[in-house]
Amino acid sequence: MRSFEVHTLDGVRLDAVLHPAGAGTRRGTVVQAHGITVDKDEGGMFVRLGERLAAEGFTAIRFSFRGHGESGGATEGVTIAGEMLDIQAVIAHAIEEAPVPITLVAASFGAVPVALMLPALEKQISSLVLWNPVLDLDHTFVHPQLPWGTENFGPDQQLQLHEQGRLLIDGEFPIGQVLWREFTRYEPLKEFNRSHTPALVIHGDQDSYVSYEIARSAAEARPNTEFRTIEGSDHGFDSREREDEAIGHTLKWLTSGGAA
């Protein structure tokens, strides 16, 4: 495992780690995009995925988005547009430094910049894996329909945002006005549906943060897309057993030609 830095076009330093592929067949590179409020480890799940990928002959790259973990940028200044620049920079680095083909694995909010970048990435990546992805920003944040969204982005929290210029996710992660305005403008689901990149979507059917039904419906309607349910799981795959189940589905799909 090797730590390194990537610098974006607007000068933000991103903290990153590379898991080199083990000896033998080199299958390609997997770039991992984490969710909001966490970092390149994704609570440890991305670390284990990186290790398993390396053992299977993939080079794995984990990085922290701007404003997260040890990357540069202010947390309150996090934007979707900025995260799109982060994705662009990390993919460019992967193309220069690591074997192709390239797969993107995006968890939760990480699916937002990834989906929105798909028109620009179609010729650079070969496949896509989404874990409990945020595909509908309005449903998740602006007019929240699930318990986590109602608690964090309901009327009282929105009033706080407009009066104080920020709100706190889970009481500790501040977001600002610009990101909130982006929630009303970007449509990641449309870009995901328009893309022809082969995809695997994995989602827990008891997710109280992000809609399982939206993800399932999108996957079922989209060509070259497989969907896997983690039964009984809340957001983020809420036990080690369920996390390992999602990692197992991901590895099986990538190694068995499902991404071809």
Side-chain angles (χ1 to χ4, degrees), residues 8-9 27-36 42 46 49 53 58-63 65 79-95 98-141 182-203 207 210-229 246 249-260:
T8 67
L9 289 175
R27 297 177 181 268
T29 298
V30 178
V31 173
Q32 302 172 53
H34 65 79
I36 199 165
E42 186 66 36
F46 270 8
L49 175 64
L53 286 165
F58 294 93
T59 296
I61 294 175
R62 299 183 284 114
F63 73 98
F65 281 111
T79 64
I80 294 169
E83 291 197 348
M84 291 166 69
L85 288 173
D86 298 346
I87 291 289
Q88 183 182 46
V90 175
I91 292 294
H93 179 88
I95 290 171
V100 293
I102 294 174
T103 295
L104 269 168
V105 175
S108 190
F109 193 79
V112 176
V114 165
L116 293 169
M117 282 296 290
L118 284 174
L121 296 176
E122 290 271 40
K123 295 182 179 180
Q124 296 177 309
I125 67 172
S126 63
S127 58
L128 176 66
V129 180
L130 301 180
W131 290 354
N132 38 257
V134 176
L135 294 174
D136 188 324
L137 292 166
D138 182 82
H139 184 283
T140 307
F141 300 107
E182 287 180 317
F183 290 161
T184 68
R185 285 164 170 75
Y186 285 123
E187 297 182 282
L189 181 57
K190 282 189 176 181
E191 297 301 342
F192 178 63
N193 287 338
R194 290 170 180 163
S195 167
H196 298 290
T197 302
L200 170 67
V201 180
I202 307 174
H203 210 120
D207 198 322
V210 178
S211 173
Y212 167 82
E213 294 300 335
I214 288 174
R216 185 180 68 174
S217 296
E220 290 176 348
R222 186 179 183 271
N224 300 319
T225 304
E226 294 186 26
F227 186 80
R228 293 287 180 268
T229 297
H249 283 312
T250 302
L251 289 168
K252 182 178 180 181
W253 189 73
L254 289 173
T255 58
S256 67

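Being a predicted model, the structure only gives us computed values, none of them experimental.
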Residue that, paired with Ser127, satisfies side-chain hydrogen bond (donor to acceptor under 3.5 Å, both in side chains) out of Asn224, Thr103, Thr197: Thr103
Which heavy-atom pair separates Ala81 from Glu182 by the least distance, and what is that distance? N-OE2, 3.1 Å
Determine whether Ile91 and Leu104 make a side-chain contact, defined as any pair of heavy atoms from C-beta on separated by less than 4.5 Å. yes
Charged N to carboxylate O under 4.0 angstrom, Arg216 versus Glu213? yes
Reported OG1-to-CZ distance for the pair Thr79 and Phe65, which is rounded to 0.5 angstrom: 11.0 Å
Here the gap from Leu128 atom CG to Thr225 atom OG1, rounded to the nearest 0.5 Å, amounts to 8.5 Å
For the residue pair Leu200 and His249, what are the closest heavy atoms and their distance? CD2-O, 3.8 Å
Start with the C-alpha gap between Thr229 and Tyr212, add the side-chain angles, then the distance that decides, and say whether side-chain contact (heavy atoms from CB on, under 4.5 Å) holds. CA-CA 9 Å; Thr229 297; Tyr212 167 82; 2.7 Å; yes
Apply ring-ring contact (aromatic ring centres under 6.0 Å, His included) to His93 and list each qualifying residue two or more places apart in sequence or on a separate chain. Phe4
Donor-acceptor pair, distance only, cut-off 3.5 Å: does the side chain of His203 make one with the backbone of Val210? yes
Apply the side-chain contact (heavy atoms from CB on, under 4.5 Å) test between Pro133 and each candidate in Val129, Asp136, Leu130; give the one that qualifies. Leu130
Would Ile87 and Phe63 count as a side-chain contact (heavy atoms from CB on, under 4.5 Å) here? Give the steps. CA-CA 9 Å; Ile87 291 289; Phe63 73 98; 3.8 Å; yes
Determine the minimum heavy-atom distance between Pro101 and Ser126, stating which atoms define it. CB-OG, 3.3 Å
Student check: side-chain heavy atoms of Val201 and Phe192 closer than 4.5 Å: yes
Shortest non-hydrogen contact between Glu191 and Pro119, atoms and distance: OE1-CG, 3.2 Å
Measure the shortest side-chain to side-chain distance between Leu53 and Leu254 over non-hydrogen atoms and say whether it is less than 4.5 angstrom. yes
Working note: Val112 + Glu83, criterion side-chain contact (heavy atoms from CB on, under 4.5 Å); need CA distance, chi angles, decisive distance, verdict. CA-CA 9 Å; Val112 176; Glu83 291 197 348; over 6 Å; no
In Å, rounded to the nearest 0.5 Å, how long is the span from CD1 of Ile80 to CG of Leu85? 12.5 Å
I need the Asp207 CG to Asn132 CG distance, nearest 0.5 Å. 5.5 Å
Restricting to non-hydrogen atoms, name the atom on Ala111 and the atom on Val134 that form the minimum distance, rounded to 0.1 Å. CB-O, 4.0 Å
Gap between atom OG1 of Thr250 and atom CH2 of Trp131 - 0.5 Å precision: 5.0 Å
Could you walk me through whether Leu49 and Gln32 satisfy the side-chain contact (heavy atoms from CB on, under 4.5 Å) test, starting with their C-alpha distance in whole Å, then the side-chain angles of each, then the deciding distance to 0.1 Å, before giving a yes or no? CA-CA 9 Å; Leu49 175 64; Gln32 302 172 53; 3.6 Å; yes
Looking only at heavy atoms, what is the nearest atom pair of Ala107 and Phe46, with distance? CB-CZ, 4.0 Å
To the nearest 0.5 Å, what is the distance between CD (Gln124) and CD1 (Ile95)? 4.0 Å
Before you tell me yes or no, could you show the steps for Ser195 and Glu122 under side chain to side chain donor-acceptor pair (under 3.5 Å), namely the whole-Å CA-CA distance, both residues' side-chain angles and the distance that decides it to 0.1 Å? CA-CA 7 Å; Ser195 167; Glu122 290 271 40; 3.3 Å; yes
